[in-house]
Amino acid sequence: MKALILNSGMGSRMGDLTSEQPKCMTEISPQETIIGRQLKILADFGIVDIIITTGLFDQVLVNYCNSLDLPVRLTFVKNDKFRETNYIYSIYLAQKEIGQEDILLLHGDLVFEGHVLEEMLASETSCMAVSSKVELPEKDFKAVIKDSKIEKVGIQFFNNALAAQPFYYLRKREWKIWLDKISEFCESGNCNVYAEEALNEVLDKCSLLSLDIKDALCSEVDTPEDLLQVSRKLAELERRTVYMCFSTDMLHSGHISLIKKAARLGKLVIGVLSDEAVISYKRFPLMPCKERMALFSNIVGVYRVVEQKTLSYRENLEKLQPDFVVHGDDWKQGIQKPIRDEVVDVLVAYGGKLVEFPYSDSEKYAELERRARAELSLPDMRRSRLRKAIEMKELVTAIEAHSGITGLIAEKTIVSEEGKSYQFDAMWVSSLCDSTAKGKPDIELVDMTSRFRTIDDIMEVTTKPIIFDGDTGGLTEHFVYTVKTLERMGVSAIIIEDKTGLKKNSLFGTDVVQTQDSVENFSAKIHAGKMAQKTADFMIIARIESLILERGMEDALERAHAFTKAGADGIMIHSRRKEPDEIFEFVEKFRRVDAVTPVVVVPTSFNVVTEEEFRKRGVNVVIYANQLTRSGFPAMQKAAEVILKNHRAKEADDLCMPIQDIITLIPEGDY
Ligand code: SPV
Ligand code: MG
């Protein structure tokens with residue numbers, strides 16, 4: 001496609017402004033001339049073959065256009081008879097250069113917004129810019145329109161007409177019909193009329209639609225008054241702001257073209273979604289918020305980048321009050337719908353506008369997401385993520401997984417309510433549940449090789465970080481190997497409890513014989529583990545059993561500080577009381593001395609406490625240690641009983657997932 005810009009006119013109504021240069025070189029802002037702006041916009045839309053007809057001050061214009069050094073190919077066609085002919089003759093002269101192509105035809109004194117051109121180019125048929133919002137001009141072009149089709153163009157039509165601008169997007173067919181008529185006019189000496197007179201003779205053979213640009217800027221500059229008006233409107237446009245929010249850390253061409261489109265509406269402010277918000281509804285970001293912000297601030301067209309702390313736009317919109325919010329139309333459904341509804345409400349309150357572009361990149365996006373997830377599942381990426389999550393989020397949650405399928409539940413379960421989303425941050429490979437799944441007691445009977453196998457099954461189908469329940473850690477001489485293996489596999493942390501001998505599950509408390517390790521021994525084990533690990537990411541978390549074994553608060557605190565000193569990267573404090581008092585007391589006293597070491601809790605017994613309460617009290621990680629096993633087991637037992645009772649499976653059907661669901665539960669190649 002080519003563009004043809006008509007600049008042979010004398011611009012005599014502009015007074016002094018056109019005494020030494022053509023009208024199109026008039027400045028419309030301190031940074032721009034009319035022609036400079038036109039060429040920049042055309043180049044921005046990839047229209048690089050541009051023909052410019054010239055007349056008076058021909059060489060001044062040629063030199064000026066070339067000096068702009070834009071990525072366009074300019075061809076100049078001089079109309080020597082500019083004094084006695086109209087632009088119909090300039091078009092006639094330019095025919096050879098134009099060839100047989102679709103064309104964008106515009107007058108050299110037209111000032112328009114980028115998105116007017118965008119709409120024209122999106123039109124499937126030939127079209128002309130008209131406006132239903134502008135009063136019919138006395139002297140300028142009007143178009144007579146019927147059923148969106150243009151029937152006549154000229155200054156003399158007032159009935160069924162709209163204000164029209166000399167800005168056409170013409171498909172080959174219509175253009176050829178018009179051009180042939182133009183030739184006929186010029187060859188019979190009819191060169192001093194509007195080219196639209198020729199057009200009017202062939203419009204019944206053409207399909208030229210009106211494109212209503214409403215109140216978008218698209219005006220000719222004929223007089224100094226026009227210039228003032230256009231300059232004012234441009235300055236107003238310059239002040240317009242546009243807001244978009246991105247959660248992505250993988251930019252693709254679809255994002256860039258959306259950014260480009262949005263930037264045409266005004267100064268584009270990008271809100272980058274905080275890490276916490278991204279983690280809550282999507283997945284762990286490959287890049288932290290700060291880096292994502294830097295990425296966006298370097299994209300052409302982006303004016304400013306701010307953080308958007310929550311999925312809700314409210315805070316940023318109320319603060320920034322952008323004229324437009326731009327988004328793909330994909331958020332009209334699904335989990336983003338409540339967020340969109342709120343945006344609409346906020347915009348209505350201050351008079352902003354929502355612009356939604358068709359979203360057509362779902363395949364591209366899905367492919368990038370697959371790649372991101374594959375990357376996140378690799379050992380190095382996965383291992384480091386627990387530490388990062390603890391840094392990024394005030395409270396990290398983990399749920400038990402003991403197999404591929406429970407891993408998938410931990411990975412994929414997400415709930416959304418009132419525009420907020422929640423999912424687990426990590427997985428806990430519990431010794432109790434891993435043993436139970438194998439039908440064995442939780443007494444360190446399931447050996448490490450088997451436990452690693454469980455981890456492997458989980459890792460194969462998930463991406464979230466893993467916290468491994470290492471029981472007592474075994475002999476120090478063995479523990480160091482366990483640390484190295486887990487680290488190599490990509491596990492993020494091991495939690496070991498300060499017990500020795502035959503370990504029993506803590507929830508037995510003092511009902512069974514359990515021996516606590518000495519502070520010295522356990523500290524030495526932690527130290528040895530820390531020395532053995534190769535990366536800075538891996539965490540060894542010390543679990544204190546003093547409250548379980550009723551050794552008192554002082555003992556628990558003393559141990560916590562000693563183990564931290566020995567190198568522990570976190571402290572897990574356990575209790576089997578229903579009331580959370582002793583846990584709260586521990587955290588409070590521990591935090592008085594140590595504000596930084598992460599504290600982990602396992603609220604199996606004290607399960608009334610909410611995550612928010614734990615967060616406020618200074619807990620960093622909450623582990624739901626056994627709920628998937630405990631909920632799955634009775635359901636299975638019940639189904640087995642119902643089958644036995646009825647001597648057939650029909651009665652158990654209501655307890656079971658439909659066959660169709662189970663066979664499609666795990667799509668092939670999902671990970
Ligand atoms: C586990 O889940 O295996 C634990 C936590 O160690 S608890 O069962 O509460 O001891
Ligand atoms: Mg355990």
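Computation of the quantities below employed the complete heavy-atom set of this structure, encompassing side-chain atoms and omitting hydrogens, waters and symmetry-equivalent molecules.
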Listing request: all side chain to side chain donor-acceptor pair (under 3.5 Å) pairs with a residue in residues 261-274, at least two apart in sequence or in separate chains. Asp44-Arg264, Glu118-Arg264
Would you indicate whether the side-chain heavy atoms of [Y] and [X] approach each other to under 4.5 Å?
X	Y	result
Leu347	Val325	yes
Val415	Glu417	no
Glu236	Leu217	no
Asn7	Pro22	no
Trp175	Gln100	no
Thr463	Arg385	yes
Leu320	Thr241	no
Thr413	Ile399	no

Can any side-chain N or O of [X] pair as donor or acceptor with the backbone N or O of [Y] at less than 3.5 Å?
X	Y	result
Asn160	Ile145	no
His252	Gly254	yes
Glu101	Met1	yes
Arg304	Val269	no
Thr223	Met14	no
Ser384	Asp537	no

Over 12 non-hydrogen atoms of neighbours within 6.0 angstrom of CD in Glu135: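 At most 12 heavy atoms, drawn from other residues, nucleotides or ligands, come within 6.0 Å of this atom.
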Is it the case that over 12 heavy atoms from other parts of the model lie below 6.0 angstrom from the OH atom of Tyr303?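 No, because the 6.0 Å sphere around OH of Tyr303 holds 12 heavy atoms or fewer from other groups.
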Spatial distance of atom [atom1] ([X]) from atom [atom2] ([Y]) [nearest 0.5 Å]:
X	Y	atom1	atom2	value
Lys23	Thr33	NZ	OG1	14.0 Å
Met427	Arg382	CE	CZ	5.5 Å
Cys24	Leu61	SG	CG	4.5 Å
Asp249	Phe284	CG	CZ	10.5 Å
Ser492	Arg387	OG	CZ	10.0 Å
Leu209	Lys149	CG	NZ	8.0 Å

For Phe141, enumerate each residue passing the ring-ring contact (aromatic ring centres under 6.0 Å, His included) test, keeping only those at least two apart in sequence or located in another chain. Tyr194
Salt bridge or not between [X] and [Y]? Use side-chain N to carboxylate O under 4.0 Å.
X	Y	result
Glu369	Arg283	yes
Asp215	Lys233	no
Glu391	Lys388	no

Without hydrogens or angle criteria, can the side chains of Glu196 and Tyr87 be said to hold a donor-acceptor pair below 3.5 Å? yes
Looking only at the side chains, is there a donor atom on one of Glu342 and Ser312 sitting less than 3.5 Å from an acceptor on the other? yes
Go through Glu113 and Arg240 one step at a time and tell me if the salt bridge (Lys or Arg N to Asp or Glu O under 4.0 Å) criterion holds. CA-CA 12 Å; Glu113 283 179 51; Arg240 270 197 205 157; 3.6 Å; yes
Under the criterion side chain to side chain contact (heavy atoms under 4.5 Å, CB included), I'd like the reasoning laid out for Phe167 against Ile213: C-alpha separation, chi angles, the key distance, then a yes or no. CA-CA 11 Å; Phe167 196 7; Ile213 56 159; over 6 Å; no
For the student: nearest non-hydrogen atoms of Glu356 and Leu354, plus distance: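 In terms of heavy atoms, the two residues are closest at OE2-CD2, 3.5 Å.
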Taking all atoms of both residues into account, what is the closest heavy-atom pair of Val116 and Cys218, and its distance?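 It is CG1-SG, 4.4 Å.
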From CA spacing to verdict: salt bridge (Lys or Arg N to Asp or Glu O under 4.0 Å), Arg371, Glu375: CA-CA 6 Å; Arg371 262 196 264 161; Glu375 216 168 292; over 6 Å; no
Let me see the working for Leu117 and Leu104 under side chain to side chain contact (heavy atoms under 4.5 Å, CB included), right down to the final yes or no. CA-CA 9 Å; Leu117 177 55; Leu104 202 70; 3.5 Å; yes
Parallel, tilted or perpendicular: rings of Tyr243 and Tyr313 (30°, 60°): perpendicular
For Val72, the option from Leu74, Leu68, Asp69 that meets side-chain contact (heavy atoms from CB on, under 4.5 Å): Leu74
Given the rule in the salt bridge (Lys or Arg N to Asp or Glu O under 4.0 Å) test, do Glu151 and Lys146 qualify, once you have shown the distances and angles that lead to the verdict? CA-CA 7 Å; Glu151 299 197 319; Lys146 191 170 172 205; 5.1 Å; no
Sequence neighbours excluded and cut-off under 3.5 Å, please list the side-chain donor-acceptor pairs for residues 287-299, or say none.
from	atom 1	to	atom 2	distance (Å)
Arg292	NE	Met287	O	2.9
Arg292	NH1	Leu273	O	2.9
Arg292	NH2	Leu273	O	3.1
Arg292	NH2	Asp275	OD1	2.7
Ser297	OG	Met293	O	3.3
Ser297	OG	Ala294	O	2.9
Asn298	ND2	Ala294	O	2.9

